2 protein chains.
Amino acid sequence: MAQSKTDPRVIRTRKSIMDSFITLSETKEFKDITVKDITAEAAINRATFYYHFEDIYDLLEKALSEVLLVNLDSAVYENRRLDEETFTGIFEAVTNFQKAISHRCHSGYEETIARIIREQLEVIFFKLLSKQHPAEKAQTLSLTAVMLSWGIYGASVEWKRNAQLPPEEFIKAALPYIRHGLD
Amino acid sequence: MAQSKTDPRVIRTRKSIMDSFITLSETKEFKDITVKDITAEAAINRATFYYHFEDIYDLLEKALSEVLLVNLDSAVYENRRLDEETFTGIFEAVTNFQKAISHRCHSGYEETIARIIREQLEVIFFKLLSKQHPAEKAQTLSLTAVMLSWGIYGASVEWKRNAQLPPEEFIKAALPYIRHGLD
DNA sequence: GCCGATGTGTTGCTTATGCAACACATCTCG
DNA sequence: CGAGATGTGTTGCATAAGCAACACATCGGC
């Protein structure tokens, strides 16, 4: 509730730029997408791009964060509790995201994407934990969220390496331990 | 080739307003759509609406003209000649248009819509005639276009009244006479 | 009657976006 | 090597779009 509503032009323009970037990324790899490509696709001025984003790496982060955030939010949706179902949904969202972008970033972006995923996971875990344990110290919740995000991300990497099971089966093995720890 | 490119913001905003109007008209009748509805749907400011359109009737005309124009253009597409196929396509576009908006304007707009249709028909006929008879005087071509547009519109009214045949069959009866006159 | 609620246009000022030009960096080709 | 072509970021100024407020009209209910 901090900022008193943002200008609709800003919302439109940012969305247009991000959408164009996602659209282009279905054709080209990230490294082959230029700022000119994006502004041409979005039919906005190049100066306007730099009004909203530092550079194309900034856009990459914000666009991917946004996509992941939407997936995570819809995975959590009504389940405010951090239960097994929510965990499974979150893990599926992460693996879907990884699959979706695996074709588009053949080199050099792995660590960036890893960080994006962990950051978004941390945010959502912190929110869920705060609801579930309102009395707990913020520092404790924050640290727990950090550890969970690293853990889930690590599990998704492991899943990618030898994916015999579907994600929801794969993560099932870990759930009792996570829950036990949480409870 | 007169104006040296229009501002992309203008194109976006006009399109957004017209699209919103068309979208709303799928739910409500024309007479129940307010300027506020449109600007809310389009997420633009009301003052911006009045920057582009006189009032809601102005929008009605421009939006419907645009829709019809697109249909007509795609009906004509590559056939630059005003032959039987083109005529049939144009007639179909008109009847489709009439069908599409017949649910949305229960009262009071019939004459407006009739004029829109005739105006657009006149424009497209004049263009086609000019290509086909470049040597002819503009006044002659213009008058021919006027008469054709009234004629085709009248045929569409007649078709609506007792529509036993599909449009392309219905218009077939008139084609020889039109062609004979044109040739 | 008159009141509040809702819609229409308009206005002055602020802010976001467009545009053209610039300096700089790569890169490629001869 | 040098010259052209392409991409990046930045700047100053022009214009479209946002916002809040206003006056006015219409309508339905008390």
Side-chain angles (χ1 to χ4, degrees), chain A residues 1-21 23-25 27-63 66 104-109 112, chain B residues 1-25 27-64 66 104-109 112:
Chain A
M1 316 306 150
Q3 81 278 26
S4 56
K5 255 190 299 190
T6 67
D7 194 313
R9 290 174 289 186
V10 171
I11 296 172
R12 278 203 299 269
T13 302
R14 291 217 176 112
K15 175 162 169 35
S16 167
I17 292 175
M18 290 192 184
D19 287 351
S20 301
F21 176 68
T23 300
L24 285 172
S25 77
T27 308
K28 299 177 169 188
E29 283 184 54
F30 290 153
K31 68 176 176 52
D32 296 327
I33 298 177
T34 71
V35 174
K36 282 189 73 169
D37 292 337
I38 294 162
T39 56
E41 170 83 18
I44 58 118
N45 197 273
R46 222 155 46 84
T48 305
F49 176 94
Y50 289 105
Y51 182 88
H52 292 284
F53 302 96
E54 287 260 330
D55 50 33
I56 204 169
Y57 303 104
D58 186 30
L59 169 63
L60 178 87
E61 298 216 3
K62 287 175 176 160
E66 177 69 22
R104 305 175 190 172
C105 54
H106 281 189
S107 65
Y109 291 98
T112 301
Chain B
M1 319 307 148
Q3 83 278 28
S4 55
K5 255 190 299 191
T6 68
D7 194 313
R9 289 172 290 184
V10 171
I11 296 172
R12 279 203 298 270
T13 302
R14 291 216 176 114
K15 176 162 168 34
S16 167
I17 291 175
M18 291 192 184
D19 287 352
S20 300
F21 175 68
I22 298 297
T23 300
L24 285 173
S25 77
T27 307
K28 299 177 170 189
E29 282 185 53
F30 290 154
K31 69 177 174 53
D32 296 328
I33 299 176
T34 72
V35 174
K36 281 189 74 169
D37 292 337
I38 294 163
T39 56
E41 170 82 19
I44 59 120
N45 196 274
R46 222 155 45 84
T48 305
F49 176 93
Y50 290 105
Y51 183 86
H52 292 285
F53 302 96
E54 287 261 331
D55 50 32
I56 206 171
Y57 303 105
D58 187 30
L59 169 62
L60 178 88
E61 299 215 4
K62 286 176 177 159
L64 293 187
E66 177 69 22
R104 305 176 190 171
C105 54
H106 280 192
S107 66
Y109 291 100
T112 301

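The model shown is predicted, which means the values in this text are computed figures rather than measured ones. A, B, ... follow the sequence lines: proteins, then strands. Residue 1 opens every chain.
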Residue [X], side-chain heavy atoms: nucleotide from [options] that is nearest:
| X | options | value |
| --- | --- | --- |
| B:Y50 | C:dG9, D:dT10, C:dC19 | C:dG9 |
| A:D7 | D:dG9, C:dA16, C:dG18 | C:dA16 |
| A:T34 | D:dA16, D:dT8, C:dG9 | D:dT8 |

* Quick one: label B:R12 by what it contacts on the DNA or RNA (base, sugar-phosphate, nothing), any heavy atom closer than 4.0 Å. => sugar-phosphate
* Please work out if A:A43 contacts a base, only the sugar-phosphate, or nothing of the nucleic acid, heavy-atom cut-off 4.0 Å. => sugar-phosphate
* B:K15 atom NZ, over 12 foreign heavy atoms within 6.0 Å -> no
* Is atom NZ of B:K28 surrounded by more than 12 heavy atoms (other residues, nucleotides or ligands) closer than 6.0 Å? -> yes
* Please figure out whether B:A47 or A:Y51 has its closest DNA chain C nucleotide nearer the 5' end. => B:A47
Rounded distance in Å - [atom1] ([X]) to [atom2] ([N]):
| X | N | atom1 | atom2 | result |
| --- | --- | --- | --- | --- |
| B:D37 | C:dT6 | CG | C1' | 11 Å |
| A:I56 | C:dT26 | CD1 | C1' | 16 Å |
| B:I11 | D:dT15 | CD1 | C1' | 14 Å |
| A:N45 | D:dT11 | CG | C1' | 12 Å |
| B:F53 | D:dA16 | CZ | P | 14 Å |

* Asked: Is any N or O donor-acceptor pair between the side chain of B:R9 and the base of C:dT17 shorter than 3.5 Å?
  -> yes
* To do: Record whether the side chain of A:R46 comes under 3.5 Å of the base of C:dG18 through a donor-acceptor pair of N or O atoms.
  => no
* Asked: With nearest nucleotides of DNA chain D determined for A:K36 and B:T48 from heavy-atom distances, which residue corresponds to the more 5′ nucleotide?
  -> A:K36
* **Residue pair B:S16 / B:D19, side-chain donor-acceptor N/O under 3.5 Å** => no
* Assess the pair A:F21 and A:F49: is the distance between their ring centroids shorter than 6.0 Å? => no
* Output yes when at least one side-chain N/O atom of B:H52 is less than 4.0 Å from OP1 or OP2 of D:dA16, else no. => no
